[in-house]
Amino acid sequence: MEILSGLNQTEIEKITDELKASKFRARQIHNWIYLKSVSSIDEMTDLSVKFREELKQVAVVTDIKIKTKQVSSDGTIKYLLEFSDGECVETVLMRFDNRANLTACVSSQVGCAVNCSFCATGKRGFIRNLSYKEIIEQVLTIQRDTGLKVTNVVFMGQGEPLLNLDNVLKAMEIFNEDFQIGARRLTVSTSGIIPQINKLADFNMQSTLAISLHAPNHNIRRQIMKIEDKYNMEELKKALKNYVNKTGRRITIEYLLIKDVNDSVENAKELAYYLNDIKCNINLIPYNPTEQNDYKRPSNNSVMKFKYLLEHSGKKVTVRLERGADIDAACGQLKGKVC
Ligand code: SAH
Ligand code: SF4
């Protein structure tokens, strides 16, 4: 059985050719999959009943299962999705008040090998990469379930996207071409895998690169992110400058604020100094509690003070709104509970 979700126009044409149908039929199927996001071939109502029956003999829309779905009081929806081999990942849909945007936060791997000390995903270790089809299926599932069209995709779910770069790039191409989501509405977040950042720079993508920096210096970073021992902040800085030079794009720096670990006045000044010559915006993320560690979230007051000090350096600074914390859907809380 062919699975239609994830196929491009040419691949769908191979199926319609075999069924001796026209390329126009392939175009119709493509629209039903990506723009109207139907769950079954029977819903493709501009195809004749006879042709739908023939198509059903050789293809299905999807084989992904929604294991659980939780809706937060702020409207955020978290799905636990199951793939054909029984592995599961979480996908989150976020809506922001007063904005038409619908943002899907997708996973790129089952588990994660980077194992940052503050993150629930890393605690499971690395299980496997997702295929590009499994990545785009997450957005299709949201669209099928809600009947809404996703406008933005962030690779901020489970996994390190740059350690699954080929599938992530292919998925981004499909988001762009088949879903018609503009490149600037796609964001890839990474813990800082330097060789892959350089590779991305050579692609000259117009999407947004977000870096999970989370520390103002080497010593603090290596305490909370083991990856710092492999790819340190000084080398990372060179890669970021190279990225900006090649793409002309402004980078997003993500900075997790953990009480008494990296949130002092001194830390803010040191961070501003490090970022001084990098073209970037800064996104502060107050720590969201997870079961596995003793870290604490700083008070709103100290978050605002940190923000103010950074703004003083001339950078644009935002504080990430906490979404879906009541259903463990906020940043760092996704663990892909074993089915
Ligand atoms: N692996 C990539 C993509 C995941 S993005 C990366 O790390 O960038 C998820 C974001 O949430 C990252 O910035 C991550 O550092 C952050 N995060 C992880 N644990 C968190 C927690 N407990 N509270 C808030 N943010 C967290
Ligand atoms: Fe992996 Fe990102 Fe979590 Fe670190 S923060 S363990 S890189 S998913």
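Atom set for the values below is all heavy atoms of this structure, side chains included, hydrogens, waters and symmetry mates excluded.
Side-chain contact annotation: Q196 with T190, donor-acceptor N/O pair under 3.5 Å absent. In this structure, a donor-acceptor pair under 3.5 Å is absent between the side chains of T252 and N281.
With hydrophobic clusters built from ILVMFWY side chains whose heavy atoms lie under 4.5 angstrom apart, M304 does not share a cluster with V265. L309 is not connected to L275 by any chain of hydrophobic side-chain contacts under 4.5 Å among Ile, Leu, Val, Met, Phe, Trp and Tyr, and they are in different clusters.
The cationic group of K237 lies under 6.0 Å from the six-membered ring centre of Y274 and within 45° of the ring axis, placing it in a cation-pi geometry.
With contacts defined as side-chain heavy-atom distances shorter than 4.5 Å, the pair V61/I41 qualifies. Looking at R128 and F83, their side chains come closer than 4.5 Å, going by heavy atoms from C-beta outward. Contact check for I29 versus L55: side-chain heavy atoms found under the 4.5 Å cut-off. For the pair N204 and K246, the minimum side-chain heavy-atom distance is 4.5 Å or more. Within the 4.5 Å cutoff, the side chain of L256 has no heavy atoms near those of the Y295 side chain. A 4.5 Å side-chain heavy-atom check between Y231 and S191 finds every atom pair outside the cut-off. With contacts defined as side-chain heavy-atom distances shorter than 4.5 Å, the pair F179/V153 does not qualify. Taking the side chain as every heavy atom from C-beta outward, K315 and C280 approach each other to under 4.5 Å.
For the pair N262 (side chain) and H214 (backbone), a donor-acceptor distance under 3.5 Å is present. In this structure, the side chain of T290 does not engage the main chain of C119 through any donor-acceptor pair within 3.5 Å. Judged purely by atom type and a 3.5 angstrom limit, N101 has no side-chain atom pairing as donor or acceptor with the backbone of T103. Of the possible donor and acceptor atoms, one in the side chain of E134 sits under 3.5 Å from a partner among the backbone N and O of S131. E160 places no side-chain N or O within 3.5 Å of a backbone atom of A113 that could act as its donor or acceptor partner. In this structure a side-chain-to-backbone donor-acceptor pair under 3.5 Å is present from R297 to Y287. When atom types are taken as modelled, the side chain of R52 and the backbone of D42 share a donor-acceptor pair closer than 3.5 angstrom. Looking only at distances, a side-chain donor or acceptor of S117 sits under 3.5 Å from a matching main-chain atom of I224. At least one donor-acceptor pair under 3.5 Å links the side chain of N176 to the backbone N or O of I181.
Of all the heavy atoms in M1 and V58, the pair that sits closest is SD-C, 3.4 Å. Heavy-atom minimum distance, V303 versus P286: CG2-CG, 4.2 Å. Among all heavy-atom pairs drawn from I15 and L4, the shortest one is CD1-CD2, 3.9 Å. In this structure, L213 and M225 approach most closely via the heavy-atom pair O-SD, 3.7 Å. Nearest heavy-atom pair across V150 and Q143 is N-OE1, 3.0 Å. Here the closest non-hydrogen pair linking I136 and G6 is CD1-CA, 3.3 Å.
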Pair V244-K241, side-chain contact (heavy atoms from CB on, under 4.5 Å): steps then yes or no:
CA-CA 5 Å; V244 171; K241 283 184 165 177; 5.8 Å; no

Assess whether side-chain hydrogen bond (donor to acceptor under 3.5 Å, both in side chains) is satisfied between T10 and E13, documenting all intermediate values.
CA-CA 5 Å; T10 320; E13 280 172 14; 5.3 Å; no

Let's go through D74 and S72 carefully: what are the C-alpha distance in whole Å and the side-chain angles of both, what is the deciding distance for side-chain hydrogen bond (donor to acceptor under 3.5 Å, both in side chains) to 0.1 Å, and is it a yes or a no?
CA-CA 5 Å; D74 64 24; S72 157; 2.9 Å; yes

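Ionic pairing of E137 and R144 is present here: one or more N-O contacts between side-chain nitrogen and carboxylate oxygen are shorter than 4.0 angstrom. Ion pairing between a basic and an acidic side chain is recognised when a charged N comes within 4.0 Å of a carboxylate O; E11 and K14 show no such pairing. The pair E54-K50 counts as a salt bridge, with a side-chain nitrogen and a carboxylate oxygen less than 4.0 angstrom apart.
Separation of atoms CD1 (I142) and CG (L81) is listed at 8.0 Å; rounding is to 0.5 Å. Here NZ of K307 is found 8.0 Å from CG of L284. Values are rounded to the nearest 0.5 Å.
Here the rule is side-chain hydrogen bond (donor to acceptor under 3.5 Å, both in side chains) with Q109, and of T121, N164, N129 only N129 fits it.
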